[in-house]
Amino acid sequence: LSIKLAKQVLKGDIQAASKLITAIENDLPGAIDGLDEIYPHTGRSYVIGITGPPGTGKSTLINALIGNYRSQDKTVGVIVVDPTSPLTQGALLGDRIRMQKHSLDKGVYIRSMATRGCLGGLAWATSNTIHILDAVGKDIVLVETVGTGQSEVDISQIADTTLVLLNAGGGDTIQMMKAGLMEVADIFVINKADLGGSDSVESEIKFILEMKKYSVNGWKPSIVITDAISGKGVDQLVEEIQIHHDFLIHNGGLAKNRQKRAKQELIMELQSSIRDFINNEIQEGGLLHEIIENYSMKKETSKSAVLKIVDLFAKQSK
Ligand SMILES: Nc1nc2c(ncn2[C@@H]2O[C@H](COP(=O)(O)OP(=O)(O)OP(=O)(O)O)[C@@H](O)[C@H]2O)c(=O)[nH]1
Ligand SMILES: [Mg+2]
């Protein structure tokens, strides 16, 4: 089923994409086969991560960015990652409302993702959702995560360009530094400029950047001031994103980052397959059960037990 869906995704069928994403989210058997089908065809989309403290205007800014990219005739996919799903139904609803303007536009696809049980599951599902939106033909994929420092999804590992949003006042700069967001920003966005105080935050960031000499592979993070509601500064932000994109292309950073990302994805995949194998087979009657029993009765050495288990894992993975 997933392979059939994947083939439709490659033809640009967004409904098939949506179904495949659901299969991934629910970890349905065979979903991996669908991903394997599309993987060779990915790498066209440009992935932009938007993170920052809660309420800084990430969703509102995404709404403005969608407008800008659509006016350039680029298609857009949006993933809103919500690690605390059951508690924030309201927030999800809010995201929808803030991006509502674009909900009827066929060139825009918006998806919220929430945690499903196992650790690392969200990062895995998010990466694969990006692949699916890429394969279905979205030019730009925007990924929103809340940057609290304990976020399950490290956006800078996933995105080509990472935007860190903050506001004037409210101590966002300090919060941001604590959360380790200072290091991940390719572009700092000081949003809610209409409320004033942006200039002093800009000086603060410049000062910290100067002091710490942060640079991501030779890129010196830039700073853009926006008012996401009126859209002021958004054109300049899009320009800065383009400059960063060109920088990455020019020095080979884009390909390098993506290779690094692919390696991490495979490791995640491996970890989750091993975890599933253990969880499924450790119960009574499972393949692992007897070997472990034998080891506990000293009928088996640890070395031979491990070799047998690896062998079983290999057979089962086929
Ligand atoms: N004055 C002003 N308000 C803004 C601006 N951008 C966003 N807001 C408001 O700030 C509030 C939060 O905006 P969101 O876009 O939901 O912020 P968010 O960062 O996505 O929030 P979470 O997803 O809950 O972390 C909303 O009431 C927005 O209308 C801005 O540039 N100026
Ligand atoms: Mg939001």
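Just so it is clear, the values below take in all heavy atoms, side chains as well, and ignore hydrogens, waters and symmetry mates.
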For this session: May I ask you to say whether Glu25 pairs ionically with Arg111, meaning some side-chain N is under 4.0 Å from a carboxylate O?
Result: yes
Problem set entry | Short N-O contact, Glu300 and Lys308, less than 4.0 angstrom | yes
Exercise. Looking at side-chain heavy atoms only, is the closest gap between Tyr69 and Asp139 below 4.5 Å?
Worked result: no
Seminar exercise, completed: The reported gap from CG in Asp186 to NE2 in His244 (rounded to nearest 0.5 angstrom) is 3.5 Å
Exercise. Is the side chain of Asn167 donor-acceptor paired with the backbone N or O of Ile190 at a distance under 3.5 Å, no angle test?
Worked result: no
Problem set entry | side-chain contact (heavy atoms from CB on, under 4.5 Å) partner of Asn191, the single match among Leu166, Thr226, Thr56, Thr60 | Thr226
Exercise. So do Ile14 and Lys138 actually touch side chain to side chain, heavy atoms under 4.5 Å?
Worked result: yes
Exercise. Is Arg70 salt-bridged to Asp105, going by a charged N under 4.0 Å from an acidic O?
Worked result: yes
Exercise. In this structure, which one of Asp246, Ile187, Ile140 forms a side-chain contact (heavy atoms from CB on, under 4.5 Å) with Ile241?
Worked result: Ile187
Exercise. Between the side chains of Ser230 and Asp227, does any donor sit under 3.5 Å from an acceptor?
Worked result: yes
Exercise. Should Asp13 and Lys7 count as an ion pair when the cut-off is N to O under 4.0 Å?
Worked result: no
Exercise. Between Glu281 and Gln316, is any side-chain donor less than 3.5 angstrom from a side-chain acceptor?
Worked result: yes
Problem set entry | Under 3.5 Å donor-acceptor, Thr42 side chain and His131 backbone | no
Exercise. Can a salt bridge be assigned to the pair Asp160 and Arg258 using a cut-off of 4.0 Å between side-chain N and carboxylate O?
Worked result: yes
For this session: Using atom types as modelled and distance alone, determine if a side-chain donor or acceptor of Arg261 lies under 3.5 Å from a backbone N or O of Glu265.
Result: no
Exercise. Less than 4.0 Å between a side-chain N and a carboxylate O, is that true for Lys315 and Asp311?
Worked result: yes
For this session: Report the residues that fulfil side-chain hydrogen bond (donor to acceptor under 3.5 Å, both in side chains) with Ser222, sequence neighbours left out, ordered by chain and then residue number.
Result: Glu240
